[in-house]
K.L.:
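Once you've had a glance at the structure underneath, I'll fire off some questions.
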4 protein chains.
Amino acid sequence: MNWSFETDRPIYLQLKEQILRMIVSGVYPPGSKLPPVRDLAAEASVNPNTLQKALSELERDSLVYTQRTSGRYVTEDGNMIIKAKKELAVEQIELFIKKMAGIGYTVEETIALLEKTVKE
Amino acid sequence: MNWSFETDRPIYLQLKEQILRMIVSGVYPPGSKLPPVRDLAAEASVNPNTLQKALSELERDSLVYTQRTSGRYVTEDGNMIIKAKKELAVEQIELFIKKMAGIGYTVEETIALLEKTVKE
Amino acid sequence: MNWSFETDRPIYLQLKEQILRMIVSGVYPPGSKLPPVRDLAAEASVNPNTLQKALSELERDSLVYTQRTSGRYVTEDGNMIIKAKKELAVEQIELFIKKMAGIGYTVEETIALLEKTVKE
Amino acid sequence: MNWSFETDRPIYLQLKEQILRMIVSGVYPPGSKLPPVRDLAAEASVNPNTLQKALSELERDSLVYTQRTSGRYVTEDGNMIIKAKKELAVEQIELFIKKMAGIGYTVEETIALLEKTVKE
DNA sequence: GTGGTCTAGACCACC
DNA sequence: GTGGTCTAGACCACA
């Protein structure tokens with residue numbers, strides 16, 4: 001995994017998003033065990049507390065749950081994951097549209113160019 | 001302007017992209033003067049040399065030109081800017097598609113969801 | 001190699017030219033490996049960054065290419081080299097004519113004297 | 001005047017050559033007074049002693065002469081100047097041929113390319 | 001050990 | 001005050 005951060009958003013949110021991405025894309029399938037916080041933190045070169053916070057958020061969203069003595073696991077509830085996946089996608093889309101608007105593209109132009117690009 | 005950087009790409013390339021974004025979106029219209037290197041560098045909190053490198057690249061791409069003692073200016077050639085704008089957009093689109101694919105969306109699903117999201 | 005610089009032109013351009021000269025004259029044949037940046041820099045007694053800049057320009061001109069972890073190599077494309085060789089020669093010629101003009105020789109006189117000198 | 005030096009030749013010889021160039025090209029016509037050593041040295045940003053040496057050489061070659069109390073003058077002997085001009089030219093030519101050879105051009109190729117370049 | 005990037009700080013030419 | 005160049009020195013990714 002390639003951990004990358006932007007300087008203008010809280011790191012824990014970005015961590016959350018990137019871990020979420022791994023969950024919905026199946027890197028960590030439903031029910032699987034997540035690596036220990038310390039390992040993840042080391043890999044991402046962030047403070048374990050920061051990563052802790054990211055995981056707590058995921059827990060709050062019912063995407064991971066904690067088994068006191070054995071670690072953290074991805075939820076077995078496929079629906080939750082599907083829902084998260086969709087939210088993540090919508091978020092990406094909104095961000096994308098905003099970025100295109102920043103360049104000077106209207107939504108219609110964006111869709112048109114997107115379809116044209118895909119065909120090539 | 002909000003200068004933000006990702007940790008996994010050279011800063012000078014990101015600077016180049018963000019300045020380009022301001023040019024194509026009309027923040028710096030064709031023929032207008034760019035702020036002095038040192039000012040931009042201070043604003044983005046990077047070393048002047050790094051920003052210099054970014055601007056040199058833009059100059060190589062004929063998007064800005066230099067008047068040695070008076071400063072840097074956006075090219076008056078609207079076509080160059082339009083071309084750059086399109087390239088930037090296509091780049092964004094490809095990146096977007098890749099990101100959606102990373103979540104698990106095919107191109108068709110992406111377009112469908114995009115259109116649906118836009119309607120709402 | 002004898003590294004020599006003039007005081008009135010950027011060193012990195014002179015480095016570029018001198019390395020180019022070695023490429024077109026076969027000191028570094030097509031496909032051969034160039035010495036590491038640091039070695040070349042030490043040899044020419046310039047800062048590695050300055051030499052880096054010179055090599056980047058040669059790379060932009062497609063005369064050398066980089067293999068990130070193993071080093072820089074001269075392009076295998078003989079045509080690029082031939083083209084560069086010709087450009088270098090024309091440059092030399094123009095400079096020569098200009099110098100002769102500075103002494104007070106017209107182009108015709110220059111050619112005449114050149115042919116005469118060669119015969120002797 | 002633009003004073004420029006190469007790092008691999010004695011500066012006094014380069015000074016000599018550049019002053020000579022000004023004499024043969026008429027910047028300092030026969031019989032005219034040269035600026036004081038100190039002024040020339042300041043202009044070229046070299047030590048007055050170095051410039052002194054250059055002028056002594058020119059004097060030895062009978063191209064300038066010294067009037068003890070009033071300064072240095074260019075010789076009135078037009079023939080000396082013509083001779084020096086020719087020598088300078090031949091020197092340039094030899095240097096030029098050597099440089100072209102360094103790139104990989106034979107004398108014949110050099111002349112051919114020179115004539116072709118001139119026509120364009 | 002390789003190239004690549006970045007910072008800090010200096011000096012230069014030009015107007 | 002403007003851009004341009006250069007140095008010194010550091011750190012990084014990659015293999």
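When reading the values below, keep in mind they use all heavy atoms of this one structure, side chains included, and skip hydrogens, waters and symmetry mates. Below, read A as the first sequence line, B as the second, and so on, with proteins coming before strands; counting in each chain starts at 1.
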K.L.:
Looking only at side-chain N and O atoms, does C:Gln52 come under 4.0 Å of OP1 or OP2 in E:dT5?
P.N.:
no
K.L.:
Within the modelled atom types, does a donor on one side and an acceptor on the other bring the side chain of C:Asn49 and the base of F:dG9 under 3.5 Å apart?
P.N.:
yes
K.L.:
Would you mind reading off the distance between B:Glu57 atom CD and E:dT5 atom C1', rounded to a whole angstrom?
P.N.:
13 Å
K.L.:
Does OP1 or OP2 of E:dT5 have a side-chain N or O of B:Tyr12 closer than 4.0 Å?
P.N.:
yes
K.L.:
Taking atom P of F:dC14 as reference, at what distance in whole Å does atom CG of B:Asp8 sit?
P.N.:
11 Å
K.L.:
Has the side chain of B:Arg38 got a donor or acceptor that lies under 3.5 Å from a partner of the other kind on the base of F:dG3?
P.N.:
yes
K.L.:
Hey, is the side chain of B:Lys53 poking within less than 4.0 Å of OP1 or OP2 on E:dT5, counting only N and O atoms?
P.N.:
yes
K.L.:
Would C:Arg9 and C:Glu17 count as a salt bridge (charged side-chain N to carboxylate O under 4.0 Å, His left out) if you check the C-alpha gap in whole Å, the side-chain angles of each, and the deciding distance to 0.1 Å?
P.N.:
CA-CA 11 Å; C:Arg9 277 195 310 152; C:Glu17 191 186 309; 3.3 Å; yes
K.L.:
Report which part of the nucleic acid C:Thr69 touches: base, sugar-phosphate, or nothing (heavy-atom distance under 4.0 Å, all strands).
P.N.:
base
K.L.:
Does atom NZ of A:Lys85 have more than 12 heavy-atom neighbours from other groups under 6.0 Å away?
P.N.:
yes
K.L.:
Without decimals, in angstroms, what is the distance between B:Ile11 CD1 and F:dC11 P?
P.N.:
16 Å
K.L.:
For the residue pair A:Lys99 and B:Phe96, would you count it as a cation-pi contact if the rule is NZ or CZ under 6.0 angstrom from the ring centre and within 45 degrees of the ring axis?
P.N.:
no
K.L.:
What I want to check is whether the side chains of D:Ser25 and D:Tyr28 have a donor and an acceptor closer together than 3.5 Å.
P.N.:
no
K.L.:
Starting at CZ of C:Arg68 and ending at C1' of E:dG1, how long is that distance when rounded to a whole Å?
P.N.:
14 Å
K.L.:
Within the modelled atom types, does a donor on one side and an acceptor on the other bring the side chain of B:Arg72 and the base of F:dG3 under 3.5 Å apart?
P.N.:
no
K.L.:
Counting only side-chain nitrogens and oxygens, does B:Thr50 get under 4.0 Å of the OP1 or OP2 atom of E:dT5?
P.N.:
no
K.L.:
Rounded off to whole Å, could you give me the CG-to-P distance for the B:Leu51 and E:dG9 pair?
P.N.:
18 Å
K.L.:
Partner of F:dC6 by Watson-Crick or G-U wobble geometry, both contacts under 3.5 Å, or none?
P.N.:
E:dG9
